[in-house]
Amino acid sequence: MEKEYKMSAARAKELQEELNYLKTTRSDEVAEQIKVARGFGDLSENSEYDEAKNEQGKLYSRIAELEEIIQHIVIVEESTDTDVVSIGCKITVQDSENRMGPQTYTIVGSQEADPMHGIISENSPFGKAFIGAREGDAVTVEAPIGNINYKVLKIER
């Protein structure tokens with residue numbers, strides 16, 4: 001079975017727009033950089049040419065990555081059900097030892113995750129632990145420092 005990339009329709013559209021930009025505008029810019037760098041002479045000692053070729057490699061790599069993701073996207077329809085944690089939910093949780101105040105996280109597909117801003121992938125240990133939980137449930141998250149117990153305080157859409 002091939003990998004599925006679960007995400008919202010909005011995120012899928014963003015990825016498609018990024019792919020279109022990279023294939024058209026950015027590709028032309030990199031080609032121009034290579035053309036200009038070739039004009040600087042001997043390619044064996046031309047750092048501008050090397051940098052432009054490296055940029056081209058990164059560009060092609062990102063294009064291939066986006067094409068793979070877009071080919072296997074599964075759009076997650078956001079449910080209005082706020083009884084159970086699922087992709088698209090915003091949850092407020094409290095750790096059992098009250099080390100921090102209540103924390104709010106949004107559970108999303110793996111391609112939308114941004115842990116530094118509280119946007120957690122449903123494939124992460126934290127996300128997996130909360131999927132299917134209900135308000136008031138105690139949830140145990142397996143972390144590198146050991147198991148951490150949380151209580152689900154609130155589920156929102």
Side-chain angles (χ1 to χ4, degrees), residues 1-79 84-93 95 99-133 139-148 150 152 155-157:
M1 186 171 127
E2 294 187 11
K3 176 116 174 94
E4 292 181 342
Y5 298 95
K6 296 178 184 175
M7 65 185 70
S8 65
R11 179 63 179 153
K13 183 179 180 204
E14 287 174 12
L15 292 178
Q16 185 62 54
E17 288 171 356
E18 179 183 355
L19 179 61
N20 291 341
Y21 167 75
L22 293 178
K23 283 183 157 184
T24 56
T25 307
R26 187 66 187 135
S27 182
D28 292 344
E29 291 169 353
V30 171
E32 184 62 27
Q33 286 176 339
I34 291 171
K35 181 180 171 186
V36 168
R38 278 190 178 144
F40 293 145
D42 184 11
L43 297 182
S44 65
E45 296 180 16
N46 187 333
S47 64
E48 288 87 0
Y49 180 76
D50 291 341
E51 183 59 34
K53 290 300 278 184
N54 284 339
E55 187 64 28
Q56 184 181 45
K58 289 178 195 174
L59 173 68
Y60 289 159
S61 176
R62 180 64 178 157
I63 287 172
E65 178 185 23
L66 286 173
E67 286 175 337
E68 168 70 14
I69 292 167
I70 289 169
Q71 188 175 8
H72 298 99
I73 285 178
V74 175
I75 302 295
V76 176
E77 298 299 326
E78 292 189 16
S79 144
V84 177
V85 176
S86 61
I87 293 177
C89 284
K90 183 180 221 176
I91 60 172
T92 303
V93 300
D95 68 285
R99 290 181 280 216
M100 296 181 261
Q103 301 289 307
T104 302
Y105 301 98
T106 302
I107 308 296
V108 298
S110 61
Q111 294 298 309
E112 298 176 86
D114 184 1
M116 298 304 291
H117 294 100
I119 302 171
I120 307 298
S121 167
E122 46 103 19
N123 289 328
S124 69
F126 190 88
K128 284 179 182 177
F130 281 95
I131 293 290
V139 175
T140 301
V141 176
E142 292 182 28
I145 61 170
N147 291 345
I148 303 173
Y150 291 93
V152 179
I155 302 172
E156 303 173 82
R157 280 280 169 196

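Hydrogens, waters and symmetry mates play no part in the numbers below; they use all other heavy atoms, side chains included.
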Task: For E67, side-chain contact (heavy atoms from CB on, under 4.5 Å) partners two or more places apart - done: L19, K23, I63
Open item on the list: With a sphere of 6.0 Å drawn around OH of Y60, does it hold more than 12 non-hydrogen atoms of other residues, nucleotides or ligands?
Closed with: no
Which pairs of donor and acceptor atoms, one on a side chain in residues 121-133, lie under 3.5 Å apart (sequence neighbours left out)?
{"unit_1": "S121", "atom_1": "OG", "unit_2": "N123", "atom_2": "N", "d": "2.9"}
{"unit_1": "S124", "atom_1": "OG", "unit_2": "S121", "atom_2": "O", "d": "2.8"}
{"unit_1": "S124", "atom_1": "OG", "unit_2": "G127", "atom_2": "N", "d": "3.0"}

- [ ] Would you check if K53 and Q56 make a side-chain contact, meaning some heavy-atom pair closer than 4.5 Å?
- [x] yes
- [ ] Working to the nearest 0.5 Å, report the span between CD1 of I69 and CZ of R11.
- [x] 8.0 Å
Side-chain donor-acceptor pairs under 3.5 Å in residues 25-38, sequence neighbours left out?
{"unit_1": "R26", "atom_1": "NH1", "unit_2": "E29", "atom_2": "OE1", "d": "2.9"}
{"unit_1": "R26", "atom_1": "NH2", "unit_2": "E55", "atom_2": "OE2", "d": "2.9"}

Open item on the list: The criterion is salt bridge (charged side-chain N to carboxylate O under 4.0 Å, His left out); which residues satisfy it with K13, sequence neighbours excluded?
Closed with: E17
Open item on the list: So, taking the atom named CD1 in I73 and the one named CD in E4, what distance separates them when rounded to the nearest 0.5 Å?
Closed with: 11.5 Å
TODO: Quick one: list whatever passes side-chain hydrogen bond (donor to acceptor under 3.5 Å, both in side chains) with E68, sequence neighbours left out.
DONE: H72
Open item on the list: Working to the nearest 0.5 angstrom, can you tell me the gap between I120 CD1 and I91 CD1?
Closed with: 8.5 Å
TODO: Might you work through the side chain to side chain contact (heavy atoms under 4.5 Å, CB included) test for V84 and I155, ending with a clear yes or no?
DONE: CA-CA 7 Å; V84 177; I155 302 172; 5.8 Å; no
With a 3.5 Å cut-off and sequence neighbours excluded, list the donor-acceptor pairs that the side chains of residues 106-117 form with protein atoms.
{"unit_1": "E112", "atom_1": "OE1", "unit_2": "S8", "atom_2": "OG", "d": "3.0"}
{"unit_1": "E112", "atom_1": "OE2", "unit_2": "S8", "atom_2": "N", "d": "3.1"}
{"unit_1": "D114", "atom_1": "OD1", "unit_2": "H117", "atom_2": "ND1", "d": "3.2"}
{"unit_1": "D114", "atom_1": "OD2", "unit_2": "H117", "atom_2": "ND1", "d": "2.7"}

Open item on the list: Please report the interatomic distance CD(E14) to CG(L66), rounded to the nearest 0.5 Å.
Closed with: 11.5 Å
- [ ] Please report the closest heavy-atom contact between P102 and T92, naming both atoms and the distance.
- [x] CB-CG2, 3.9 Å
